[in-house]
There are 2 protein chains.
Amino acid sequence: MSDIKPEFYERKIDFMNKLTDFFKVLSDETRLRILILLYHKKLCVCEMCGITGESQPKISKHLAKLRDIGLVKDERQEQFIFYDLNLNEQVYKGILEKIVDNINDYPVLKSDIEKCKHAEKYLESCRR
Amino acid sequence: MSDIKPEFYERKIDFMNKLTDFFKVLSDETRLRILILLYHKKLCVCEMCGITGESQPKISKHLAKLRDIGLVKDERQEQFIFYDLNLNEQVYKGILEKIVDNINDYPVLKSDIEKCKHAEKYLESCRR
DNA sequence: TACTTATATACTCATATAAGTATATATACT
DNA sequence: AGTATATATACTTATATGAGTATATAAGTA
């Protein structure tokens, strides 16, 4: 991923780099799972850990990348930091939509989405 | 890109890896340009070099990757080897389509497409 | 058969990336 | 103020990746 800061993307100068960076994001399974989850529901870090079964630093680091290039935004609510999609451009939404439309081909994603319907229950299980 | 051979994809077992590999393909500007070109027209290697201005080994190596994971197929016609898209699954076509729908955001791609309308003229310019 | 041309591949190097483990930070709670 | 908890980051290591240059291959042509 090119080392580009959020401010850059806010100015929206280089759409092409932004597009290839978006695809680089999607080329990692963990990040793809995170984005598809957030496409359905605003979630906190430990809910994402619980749902995906991945470690907290792993999830956090990927979220940091997504945040850096402006694809998600975070917001604290009491003890938790919730993440939400931040897709200003239609292309990106459209691409995620294509995946969701074919969700039956992707059991991992489908199962994640099922689990995120009861995301709250992962809040407790987060205690280490 | 995971080191997976064409035979694997033909069996279509792991759709998820295939999907992330597809995104990894698109995350490189040169490969993205190639795919968008081939989305419009069957082209030979030296036409693609001419249109994109990239070196022959660079284009060839990227084509090899695309071929290995089954996204393109090649076919010799006299002296030239022509490449063509080989997208069996709708998701991938759909994603390329989204990009083409927003082509005005991507001047490089737009210019490539313009040039590929007179691709033949790059056949001659190929001589080194 | 020798020569040219189109394309593919090998080799090298520099850089990027992901993951794990440990630790820092920041807010909440007592 | 001190402790627990949620999340972020630093550090390390192993691996992957892309580009350039040189060279190999394979078909076409003289």
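Just so we're on the same page: letters track the sequence lines, and every chain starts at 1.
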Self-check item: Atom-pair distance (CG on B:Leu123; P on C:dT4), nearest Å
Solution: 21 Å
Quiz prompt | Sequence neighbours excluded, every pair satisfying side-chain hydrogen bond (donor to acceptor under 3.5 Å, both in side chains) that has a member inside residues 93-107 of chain B | solution = B:Asn104-B:Lys110
Quiz item: When you measure from the side chain of A:Lys58, which nucleotide among C:dA19, C:dA18, C:dA8 comes out closest?
Solution: C:dA19
Quiz prompt | Donor-acceptor pair (no angle test) under 3.5 Å: B:Lys61 side chain, C:dA8 base | solution = no
Quiz prompt | Nearest-angstrom distance from the residue atom CD1 of B:Ile81 to C1' of D:dT25 | solution = 10 Å
Practice problem: Calculate the interatomic distance between B:Arg33 atom CZ and D:dA19 atom P; express it in whole Å. | Solution: 11 Å
Exercise. Calculate the interatomic distance between A:Gln79 atom CD and D:dT3 atom P; express it in whole Å.
Key: 20 Å
Self-check item: side-chain hydrogen bond (donor to acceptor under 3.5 Å, both in side chains) involving B:Glu54 - partner list, sequence neighbours excluded
Solution: B:Lys58
Quiz item: In whole angstrom, what separates B:Ile59's CD1 from C:dT9's P?
Solution: 15 Å
Quiz item: Out of C:dG20, C:dT7, C:dA18, which nucleotide sits closest to the side chain of A:Arg31?
Solution: C:dA18
Quiz prompt | Any donor-acceptor N/O pair under 3.5 Å between D:dA6 base and A:Gln56 side chain | solution = no
Quiz item: Quick one: ring-ring contact (aromatic ring centres under 6.0 Å, His included) partners of A:Tyr92, sequence neighbours excluded?
Solution: A:Phe22
Quiz item: Which heavy atom of A:Glu47 sits nearest a heavy atom of A:Cys44, and at what distance?
Solution: OE1-N, 2.9 Å
Self-check item: Which residues share a side-chain hydrogen bond (donor to acceptor under 3.5 Å, both in side chains) with B:Lys42, sequence neighbours left out
Solution: B:Glu75
Quiz item: Taking atom C1' of D:dA16 as reference, at what distance in whole Å does atom CG of B:Asp21 sit?
Solution: 12 Å
Self-check item: Nearest to side-chain heavy atoms of B:Ser55, which nucleotide of D:dG20, D:dT7, D:dA19
Solution: D:dG20
Quiz prompt | Candidate list B:Leu123, B:Ile34, B:Leu37, test side-chain contact (heavy atoms from CB on, under 4.5 Å), partner B:Leu43, passing option | solution = B:Leu37
Exercise. Could you name each residue pair satisfying ring-ring contact (aromatic ring centres under 6.0 Å, His included) that touches residues 24-74 of chain A, not counting sequence neighbours?
Key: none
Quiz item: Think A:Tyr122 has a side-chain N or O under 4.0 angstrom from the OP1 or OP2 of D:dA6?
Solution: no
Quiz item: How long is the line joining NZ of B:Lys65 and C1' of C:dA8, in whole Å?
Solution: 15 Å
Quiz prompt | Side chain of B:Phe80 - closest among D:dA22, D:dT7, C:dT7 | solution = C:dT7
Quiz item: Expressed in angstrom and rounded to an integer, what is the separation of B:Glu54 atom CD from D:dA19 atom P?
Solution: 7 Å
Quiz item: How long is the gap from SG on B:Cys46 to CD1 on B:Ile81, to the nearest 0.5 Å?
Solution: 10.5 Å
Quiz item: Among D:dT9, D:dT7, D:dA19, which nucleotide sits nearest the side chain of A:Arg67?
Solution: D:dT9
Practice problem: Using the closest heavy atom to pick a nucleotide of DNA chain C for each, name whichever of A:His62 or A:Glu78 lands nearer the 5' end. | Solution: A:His62
Quiz item: Taking both distances under 3.5 Å as the test for a Watson-Crick or G-U pair, what stems of at least three pairs does DNA chain C have?
Solution: C:1-30 with D:1-30
Quiz prompt | Under-4.0 Å side-chain N/O to phosphate OP1/OP2 contact, A:Tyr83 with D:dA8 | solution = yes
